[in-house]
2 protein chains.
Amino acid sequence: MAISDYFTRFLQLRDELSARDLELLREIPTTVRTYDSGEEVVSVGAHTRSCLMVRGLTGRVNRIVGKADARAITALHVPGDFVDLHAFVLKKLNHSVVAFGQVEVEFVEHADLVRMTESFPHLTRLFWMTTAIDAAIHRQWLFASSVLRSSAHLAHLLCEMYLRMEMVGVARDYTMTLPLLQRELADILGYSPIHINRAVRDLRDRKLVRWQAAEVEILSWHGLTQLARFDPTYIEVERRPR
Amino acid sequence: MAISDYFTRFLQLRDELSARDLELLREIPTTVRTYDSGEEVVSVGAHTRSCLMVRGLTGRVNRIVGKADARAITALHVPGDFVDLHAFVLKKLNHSVVAFGQVEVEFVEHADLVRMTESFPHLTRLFWMTTAIDAAIHRQWLFASSVLRSSAHLAHLLCEMYLRMEMVGVARDYTMTLPLLQRELADILGYSPIHINRAVRDLRDRKLVRWQAAEVEILSWHGLTQLARFDPTYIEVERRPR
DNA sequence: CGGCAAATTGACACATCTCAAAGCCTGTGG
DNA sequence: CCACAGGCTTTGAGATGTGTCAATTTGCCG
């Protein structure tokens with residue numbers, strides 16, 4: 001198999017791909033796998049391949065040393081995201097990646113990525129950019145967790161996830177599927193599950209969202225972005241030569 | 001001028017550099033500049049060069065759109081850090097970089113980095129790794145801000161900063177210079193300055209640190225790391241072929 | 001229908017914020 | 001050498017945000 005169209009689209013939103021670039025992307029061999037909800041897609045430790053999301057939602061889970069139940073989810077990944085591409089240069093990860101709902105991923109061998117970096121600098125820079133966008137999202141999460149209170153913080157997450165999903169075409173009409181339990185939202189935003197529940201209720205009461213199990217409908221994009229002070233520039237959507 | 005030894009050391013802690021690699025690093029031209037406390041080293045927006053820390057401490061500052069005083073500091077940088085190398089692939093930054101205390105940096109032109117990526121894949125991967133380590137630190141900050149309460153959170157920052165400074169040789173004997181006001185610590189950790197003050201007092205009361213203006217002495221590394229549940233693996237110090 | 005996990009609610013405890021005031025340090029000018 | 005001003009640190013008290021515990025309700029699935 002070859003690298004999925006989602007990732008190609010992700011790159012094309014940020015830079016022009018030459019015919020040669022596209023051909024090279026198609027030549028990278030991949031292995032497809034599916035996972036059920038809760039399964040570990042990538043485990044803690046050393047790796048010789050990285051995975052690319054094709055379908056569903058995954059998250060990076062950091063657990064605390066020694067203490068069983070303390071965990072944080074430090075990133076979420078939608079189709080088109082190169083989930084653990086950073087493992088290509090880090091070699092070893094201190095977090096795992098788990099599936100939220102049914103998930104399909106493609107694995108790319110690091111050996112093939114080394115070959116790419118040896119001969120194709122433009123694609124290399126674009127892959128590098130991919131990990132830099134992840135880092136920009138991390139900074140935005142830090143910013144949000146520092147500046148926003150619970151409802152606004154949750155609203156920020158919804159804005160980001162909708163925009164990211166809409167950009168690659170897995171969400172539209174201000175509606176998305178977000179298969180996260182309130183307990184998992186708590187691990188993402190750093191609140192207790194009960195407080196997440198109150199934040200969800202608050203967004204409902206303000207008529208900003210309709211939220212039924214995993215189905216989220218944004219009733220007022222304007223209201224939600226305003227509450228969250230959401231500024232999407234960090235998602236880096238401009239097409240520029242890189 | 002050529003790239004500073006601190007950065008070379010930073011890389012050598014993570015991978016072996018060949019004679020050719022070292023030579024190439026020396027050939028990259030740089031421009032040195034110094035800044036006074038509070039000055040903006042890098043501004044928000046597009047850039048054609050990135051900067052490398054030589055002396056002092058800098059931080060990345062995210063400001064909120066429209067609202068004057070809400071700001072967060074999403075990263076700190078010590079000598080050897082390639083502060084905004086991510087701008088090489090992102091092209092545009094949504095944060096600024098400011099100096100904490102007197103600072104000396106070297107600027108590297110992106111044009112020179114492009115040349116490097118065109119011909120020297122090993123160094124390219126190491127530069128890429130540098131930004132991936134930044135991202136790993138971001139994730140650890142997210143984790144800390146999600147899991148730790150104020151004193152432990154502050155302790156975590158101290159552990160990290162000491163270790164990073166000790167590794168490149170600008171701190172030793174469990175003593176470091178950290179020219180941050182309590183207001184700035186507040187922007188880093190997401191608390192109010194008053195609460196930071198109480199956290200500092202708590203660490204003092206527990207006999208974990210002596211802290212006088214910018215001089216921090218860690219009285220019990222063991223106690224501090226235990227309180228912070230500090231696990232340094234994320235700083236990625238193992239030497240591996242990359 | 002019953003059973004389970006998740007979502008929801010309420011009450012209270014704890015963490016953190018805000019406002020206000022006092023203390024401390026340092027540089028400056030008399 | 002002293003007095004003062006300004007910025008930072010420290011402290012206190014009350015308000016708000018968030019966590020914990022316990023119980024109830026809901027929704028799904030066997």
Side-chain angles (χ1 to χ4, degrees), chain A residues 36-38 57 64 67-73 98 100-102 144-158 177-206 209-216 227-228, chain B residues 36-38 57 64 67-73 100-102 144-157 177-206 209-216 227-228:
Chain A
D36 283 330
S37 195
L57 183 72
I64 207 154
K67 201 150 181 196
D69 54 346
R71 68 172 212 168
I73 294 169
V98 304
F100 298 123
Q102 272 230 337
S145 99
S146 166
V147 165
L148 305 176
R149 318 282 87 206
S150 51
S151 307
H153 196 176
L154 176 58
H156 193 280
L157 182 71
L158 294 180
T177 302
L178 202 65
L180 293 168
L181 302 178
Q182 294 187 352
R183 162 165 42 89
E184 288 153 354
L185 286 166
D187 291 337
I188 294 166
L189 299 175
Y191 297 101
S192 66
I194 288 112
H195 208 68
I196 291 292
N197 187 283
R198 292 192 261 251
V200 171
R201 177 168 37 151
D202 185 44
L203 294 186
R204 283 193 186 115
D205 289 350
R206 292 167 186 253
V209 300
R210 196 173 298 155
W211 193 332
Q212 178 69 13
E215 296 306 309
V216 181
L227 175 64
Chain B
D36 283 330
S37 195
L57 183 71
I64 207 152
K67 201 150 181 198
D69 55 345
R71 69 173 212 166
I73 294 170
F100 299 122
Q102 271 230 338
S145 99
S146 166
V147 165
L148 305 176
R149 313 286 88 205
S150 52
S151 307
H153 196 176
L154 176 59
H156 193 281
L157 181 72
T177 302
L178 202 64
L180 292 167
L181 302 179
Q182 294 188 353
R183 161 165 41 90
E184 288 152 356
L185 287 166
D187 291 337
I188 294 166
L189 299 177
Y191 298 100
S192 66
I194 289 114
H195 208 68
I196 291 293
N197 186 283
R198 292 192 254 256
V200 171
R201 176 169 37 152
D202 186 44
L203 295 185
R204 283 193 187 117
D205 289 351
R206 292 168 185 254
V209 300
R210 196 173 300 156
W211 193 332
Q212 178 70 11
E215 297 306 309
V216 181
L227 175 64

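Computed from heavy atoms alone, side chains included, the values below leave out hydrogens, waters and symmetry copies. All of these numbers come straight from a predicted model, not from anything done at the bench.
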Test log, rule side-chain contact (heavy atoms from CB on, under 4.5 Å), inputs R198(B) and D202(B): CA-CA 6 Å; R198(B) 292 192 254 256; D202(B) 186 44; over 6 Å; no
Go through residues 180-192 of chain B and report each residue with a non-hydrogen atom lying under 4.0 Å from DNA chain D, sorted by number. L181(B), Q182(B), R183(B)
Can we say R183(A) and D187(A) salt-bridge, meaning some charged N sits less than 4.0 Å from an Asp/Glu carboxylate O? no
Gap between atom CG of L227(B) and atom CZ of R149(B) - 0.5 Å precision: 12.5 Å
We want to know whether Q102(B) and S37(B) form a side-chain donor-acceptor pair, criterion being a heavy-atom distance below 3.5 angstrom. no
Is it true that atom CZ of R210(B) has more than 12 heavy atoms of other residues, nucleotides or ligands lying nearer than 6.0 Å? no
Nearest-nucleotide wise, let me know which of S151(B) and N197(A) is further upstream toward the 5' end of DNA chain C. N197(A)
If I compare all heavy atoms of L148(A) with all of Y191(A), which pair ends up nearest, and what's the gap? O-OH, 3.7 Å
Between A213(A) and R198(A), who's closer to the 5' end of DNA chain D by nearest nucleotide? R198(A)
Is any side-chain heavy atom of L158(A) less than 4.5 Å from a side-chain heavy atom of L178(A)? yes
Scanning both residues in full, the closest heavy-atom pair of G190(B) with S146(A) reads CA-OG, 3.5 Å
Using every non-hydrogen atom in the two residues, find where L189(B) and L154(B) come nearest and quote the distance to one decimal. CD1-CA, 3.7 Å
Please find the earliest and latest nucleotides of DNA chain D, in the 5' to 3' direction, that have an atom within less than 4.0 Å of any heavy atom of chain A. dG17(D) to dC21(D)
Nucleotide range of DNA chain C lying under 4.0 Å from chain B heavy atoms: dA15(C) to dC19(C)
